[in-house]
Amino acid sequence: MSKLVKETEAALRQAILDAMGRAVSEGALPPEPAPAFTVEIPADRANGDYASNVAMICARAFHMAPRKIAEAIASHMELGSTFFDRCEVAGPGFLNFFLNSQYYAAILADIRACGSDYGRSHYGAGKRVMVEYVSANPTGPMHMGNARGGALGDCLASVLDYAGYEVCREFYVNDAGNQIEKFALSLEVRYLQHYFGEDAVALPEDSYHGDDIRLRAEEFAAVYGDQFLHADEAARRKALVEFALPKNIASMQETLAKYRIHYDNWFYESTVHQDGELEETIELFKQAGLTYEQGGALWYKATQRGAEKDEVLVRANGNPTYFAADVAYHRNKLVKRGYDKAIDIWGADHHGHVARMKGALEAVGIDSSRLDVILMQLVRLVSGGEVVRMSKRTGKAITLTDLLDDIPVDAARFLFNLREPGSQMEFDLDLAVEQSAQNPVYYCQYAHARICSILKKLASEGVAVRDCTEEELCLLTAPEERALIRHLAALTDEIILAARNYDPARITRYVMELATLFHKFYNACRVRVEEEALMQARIYLCICVRDTIRNVLALLKIEAPEAM
């Protein structure tokens with residue numbers, strides 16, 4: 001919550017304790033220690049802006065009826081130094097508190113004072129967090145899972161940053177192991193086919209068959225011609241990978257940049273192979289007595305750490321497995337680079353790998369609670385109510401590149417963050433391009449543009465916008481004004497909850513509700529009124545809403561247009 005909201009709640013809690021102290025000193029309550037009680041915002045604000053269960057909680061300790069306790073506290077309540085103007089007893093003993101006009105004025109003044117930093121907090125206390133997301137296999141194009149994971153991971157990183165964490169965004173490049181060997185073989189076959197024909201050299205069934213492989217092989221042939229045609233197989237494959245892999249990675253970086261995703265670090269799997277970290281990690285498994293040899297391979301006793309089966313660390317051919325490299329990579333994050341927390345975003349089909357990875361981290365001496373894995377459900381694309389699997393343009397499965405060619409980036413980033421990660425999701429291609437209130441991102445952007453339009457119109461009519469006094473802001477008493485200000489006040493707390501729960505969808509829901517409340521306010525309360533003080537106060541409120549929408553959209557890396 002914002003500093004002001006937090007201070008307001010703390011002041012209310014202290015006022016309750018002070019009232020209880022006065023009641024005890026006058027004999028209205030027994031001198032018993034009060035158990036922990038809550039001060040919270042009720043679901044229905046008609047019953048008060050805050051409520052406390054203190055009387056109900058104290059009933060057993062005080063041997064008194066809750067209602068009688070509540071009446072004793074209320075009769076000794078002094079709210080003069082707080083933002084509350086009255087306290088009421090309700091039902092069996094609830095204490096309800098009502099905020100005064102100065103509170104609403106102070107919230108607006110705080111928003112204007114914070115400017116582009118409104119919504120930020122120190123909740124994370126500067127703890128170092130790494131968010132690793134997308135990390136798509138560089139041997140082929142990125143798919144819809146990467147589209148959702150990219151938007152989710154990038155927005156989560158922003159949420160954590162706003163909540164006061166020191167955040168690093170990282171892409172893990174799988175440039176070693178089996179998939180690279182398969183990549184090399186596939187490129188080699190396509191290169192040889194370029195000269196000898198497809199009938200002369202068969203492409204194995206389990207190789208990569210995509211057009212992107214054929215394209216890279218053709219590009220290689222255009223540069224090097226037939227000089228690798230009769231070269232040693234290992235040299236030929238090495239040359240092909242060294243040529244094609246950087247091109248694939250550059251293409252991924254270009255696509256992700258178009259998606260407004262910019263990583264702090266691209267970490268290559270080959271790093272842990274080359275710098276000795278993989279050997280160190282395997283040695284730690286051995287020192288823990290958790291390895292054995294079988295069939296020429298080195299195995300990790302994963303079943304002793306709760307897994308369903310043991311895992312191979314080093315194959316019989318001497319090559320470490322992807323699992324061993326993955327453990328070394330996570331050790332690099334948490335031990336070598338010293339991040340307090342590693343957050344991975346994986347597809348839901350990797351759920352079985354979570355327990356294996358956490359168990360392996362414990363095996364090499366790392367507290368597995370420092371790794372959090374967000375499991376993300378895949379996406380179904382729909383158009384006209386029908387599931388879409390193929391691109392009309394290419395006739396192939398739709399890639400992230402295809403999606404960004406057809407859908408505005410703003411819509412993609414917003415819509416992919418409409419649901420919590422673990423929920424099933426349908427992405428409506430028609431809705432994403434629709435320019436109407438039915439499109440959530442358009443709806444929020446329109447609210448921002450509408451406020452900009454209001455301010456421009458007022459300026460054209462000669463209305464000079466000025467700052468407001470507390471007394472003028474206290475004129476904002478209409479229910480629609482109060483509801484809008486209360487929602488503005490909740491932004492910082494929403495960001496903290498989104499960070500705590502790893503759920504940036506809270507932020508998209510927040511800004512959608514803010515847009516709705518603004519439209520309700522605008523329809524109920526004219527901004528251009530004869531009373532100059534009230535007009536200026538409403539202009540001030542409009543500016544606060546505009547700036548807050550802009551801040552939230554900036555957090556999501558979504559544009560806030562001034563005209564639509």
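One is the number of the first residue; the rest follow in order along the sequence. These figures come from a predicted structure and were not determined experimentally.
Judged by distance alone, with hydrogens and angles left aside, the side-chain atoms of D117 form no donor-acceptor pair with the main-chain N or O of R120 at under 3.5 Å. For E472 (side chain) and C468 (main-chain N/O), no donor-acceptor pair under 3.5 Å exists by modelled atom type. Remark: the backbone N or O of D503 is not paired with any side-chain donor or acceptor of N501 at under 3.5 angstrom. Of the possible polar contacts, none joining the D18 side chain to the G21 backbone as a donor-acceptor pair under 3.5 Å is found. No side-chain donor-acceptor contact under 3.5 Å links H448 to the backbone of C444. A distance-only check finds no donor-acceptor pair linking the side chain of N96 to the backbone of A51 [under 3.5 Å]. Looking at H487, its side chain does come within 3.5 Å of a backbone N or O of Y510 through a donor-acceptor pair. With hydrogens and angles disregarded, a donor-acceptor distance shorter than 3.5 Å links the side chain of Q536 to the backbone of A464. With hydrogens and angles disregarded, a donor-acceptor distance shorter than 3.5 Å links the side chain of K358 to the backbone of S368. For the pair S383 (side chain) and L429 (backbone), a donor-acceptor distance under 3.5 Å is absent.
Taking CG of L491 as the reference point, atom CD1 of I111 lies at 8.0 Å (rounded to 0.5 Å). Remark: L334 CG to D340 CG distance equals 9.0 Å, nearest 0.5 Å. Atom CE of residue M77 and atom CZ of residue F97 lie 4.0 Å apart, to the nearest 0.5 angstrom. Once rounded to the nearest 0.5 Å, the distance linking CG of L404 with OH of Y259 reads 6.5 Å. Note that CG of L400 and CG of L256 are 6.5 Å apart. Values are rounded to the nearest 0.5 Å. Within the model, atoms OG of S52 and CG of L12 stand 7.0 Å from one another, a figure rounded to the nearest 0.5 Å.
One finds no salt bridge joining R419 and E426 here, because no Lys/Arg side-chain nitrogen approaches an Asp/Glu carboxylate oxygen to under 4.0 Å. Taking a cutoff of 4.0 Å between a charged side-chain nitrogen and a carboxylate oxygen, D405 and K258 qualify as a salt bridge. Between D49 and R486 a salt bridge is recorded (basic side-chain N to carboxylate O distance below 4.0 Å). At a threshold of 4.0 Å, the pair E420-R506 does not count as salt-bridged, since none of the basic side-chain nitrogens sits closer than that to a carboxylate oxygen. A salt bridge is defined here as a Lys NZ or Arg NE, NH1 or NH2 lying under 4.0 Å from an Asp or Glu carboxylate O, and E461 with K456 fails to meet this definition. Using a cutoff of 4.0 Å between basic side-chain nitrogens and carboxylate oxygens, E166 and R128 are scored as salt-bridged. Taking the charged nitrogens against the carboxylate oxygens, R86 and E88 do have a contact shorter than 4.0 Å, which makes a salt bridge.
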One pair to check against side chain to side chain contact (heavy atoms under 4.5 Å, CB included): Y443 and T516. What are the steps and the verdict? CA-CA 9 Å; Y443 180 67; T516 297; 2.9 Å; yes
Could you go through the side chain to side chain contact (heavy atoms under 4.5 Å, CB included) check for I261 and R413 one step at a time? CA-CA 10 Å; I261 295 176; R413 290 184 65 95; 3.7 Å; yes
Start with the C-alpha gap between Y502 and D372, add the side-chain angles, then the distance that decides, and say whether side chain to side chain donor-acceptor pair (under 3.5 Å) holds. CA-CA 10 Å; Y502 299 161; D372 285 334; 2.7 Å; yes
What verdict does the side chain to side chain contact (heavy atoms under 4.5 Å, CB included) test give for E132 and K333, after you've listed the backbone C-alpha separation in whole Å, the side-chain angles of each residue and the deciding distance to 0.1 Å? CA-CA 10 Å; E132 184 227 318; K333 293 181 187 182; 3.0 Å; yes
Evaluate R337 against E170 for salt bridge (Lys or Arg N to Asp or Glu O under 4.0 Å), listing each step before the verdict. CA-CA 13 Å; R337 287 186 281 169; E170 184 154 291; 2.7 Å; yes
Apply side chain to side chain contact (heavy atoms under 4.5 Å, CB included) to the pair F171 and V134, showing each step before the final yes or no. CA-CA 7 Å; F171 189 112; V134 180; 3.6 Å; yes
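You'll find the side chain of F84 reaches within 4.5 Å of the side chain of T8, heavy atoms only. Looking at L378 and D349, their side chains never come closer than 4.5 Å, going by heavy atoms from C-beta outward. Counting only heavy atoms from C-beta outward, the side chains of R538 and V529 approach each other to under 4.5 Å. The side-chain heavy atoms of K127 and Y339, taken from C-beta on, include no pair separated by under 4.5 Å. Put simply, the side chain of Q445 reaches to within 4.5 Å of the side chain of D410, judged on heavy atoms. The closest side-chain heavy-atom distance from Q377 to S423 is not below 4.5 Å. Counting only heavy atoms from C-beta outward, the side chains of K457 and R528 never approach each other to under 4.5 Å. Counting heavy atoms from C-beta on, the side chains of P440 and L418 come closer than 4.5 Å.
For the residue pair V167 and D264, the shortest heavy atom distance occurs at O-OD2, 3.9 Å. N174 approaches S135 most closely through the heavy-atom pair OD1-O, 4.0 Å. Closest heavy-atom contact between A499 and V159: N-CG1, 3.4 Å. Pairing each heavy atom of G153 with each of V131, the nearest pair is O-CG1, 4.0 Å. Here the closest non-hydrogen pair linking A15 and R22 is O-NH2, 4.5 Å. Residues N417 and C155 share a closest heavy-atom pair of ND2-SG, 3.2 Å.
A donor-acceptor contact closer than 3.5 angstrom is absent between the side chains of Q438 and S436. Judged purely by distance below 3.5 Å, without hydrogens or angles, the side chains of R466 and Y540 never pair a donor atom with an acceptor atom. Looking at Y50 and E9, their side chains do bring a donor and an acceptor atom within 3.5 Å of each other. Under the 3.5 Å distance criterion, with hydrogens and angles disregarded, no donor-acceptor pair is assigned to the side chains of Q435 and N439. For the residue pair R169/S158, the side-chain donor-acceptor check at 3.5 Å is satisfied.
Below 30°, between 30° and 60°, or above 60°: for F521 and F518 the angle between ring planes is between 30° and 60°, a tilted geometry. Between Y165 and Y123, the ring planes are perpendicular. Angles over 60° get that label, and only those under 30° would be called parallel. Taking the six-membered ring for Trp and thresholds of 30 and 60 degrees, H350 and W346 have ring planes inclined between 30 and 60 degrees apart. Classification of the Y133-Y263 ring pair by plane angle, with boundaries at 30° and 60°, yields tilted.
Heavy atoms of other residues, nucleotides or ligands lying less than 6.0 angstrom from CZ of R546 number more than 12. Crowding of F267 atom CZ: a count of heavy atoms from other residues, nucleotides or ligands under 6.0 Å exceeding 12. Counting non-hydrogen atoms of neighbouring residues, nucleotides and ligands closer than 6.0 angstrom, the CD atom of E532 exceeds 12 such neighbours. Crowding of K557 atom NZ: a count of heavy atoms from other residues, nucleotides or ligands under 6.0 Å exceeding 12. Residue R60 qualifies as open at atom CZ: its count of foreign heavy atoms under 6.0 Å is 12 or below.
The side-chain tip of R380 does not point at the ring of F427 from less than 6.0 angstrom away and within 45° of straight on. Annotation: cation-pi geometry not satisfied between R148 and F416 (NZ/CZ under 6.0 angstrom from ring centroid, within 45° of ring axis).
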